[in-house]
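As C-alpha cells, the structure follows; a few thoughts come after it.
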Amino acid sequence: MLVNYARAIRVVRAVSGLDQATLASRVPCTGSYLSLLERGKRSPSDATVAAICQAAACPREVFDLLAGRPFVEDAELLAFWRYMTRTAH
C-alpha cells in the first residue's frame, strides 16, 4: 500500500486551520521543508510526523489513516471519528 504523507500533511494542516508558516514554526522546520513535504518531494521522518501531529493536535492514528496506512485496531477508527467531529464546522 502506498503511503501518502503529502496528502496527510495537507489535510491535517487544513483541518487544524494552520497556514504553512505557522505549522512549520511549531514543528519546528523551515517553511521550505514543509512545502517539500506537502508536495511529496521529501518523506518525513517519524519524529517529524510526530511533531506535525502534536502541532496540529491530530492523533497519530488519524494521520496514518489520511496517509493511507491500514488500520491496526478499531480504536483508530474511533480516534478518526472523534477528531473529524471535533473539528467539523
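Hydrogens, waters and symmetry mates are skipped; everything else that's a heavy atom, side chains included, is used.
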If every non-hydrogen atom of [X] is compared with every non-hydrogen atom of [Y], which pair is closest and at what distance?
X	Y	result
G40	A6	N-CB, 3.5 Å
A56	L18	CA-CD1, 4.2 Å
L34	C29	CB-SG, 4.1 Å
L37	I52	CD1-CD1, 4.4 Å

Check: Does some side-chain heavy atom of D46 sit less than 4.5 Å from a side-chain heavy atom of R60?
Finding: yes
Note to self: In the structure I gave you, are the side-chain heavy atoms of F63 and I9 within less than 4.5 Å of one another anywhere?
What the structure shows: yes
Margin query: For R42, I'd like to know if atom CZ has over 12 heavy atoms of other residues, nucleotides or ligands within 6.0 Å.
Written below: no
Notebook entry, point to check: Could you give all pairs that pass the side-chain hydrogen bond (donor to acceptor under 3.5 Å, both in side chains) test and reach residues 25-37, with sequence neighbours left out?
Noted result: S35-R39
Notebook entry, point to check: Taking 4.0 angstrom as the limit, do E38 and R13 come out as a salt bridge?
Noted result: yes
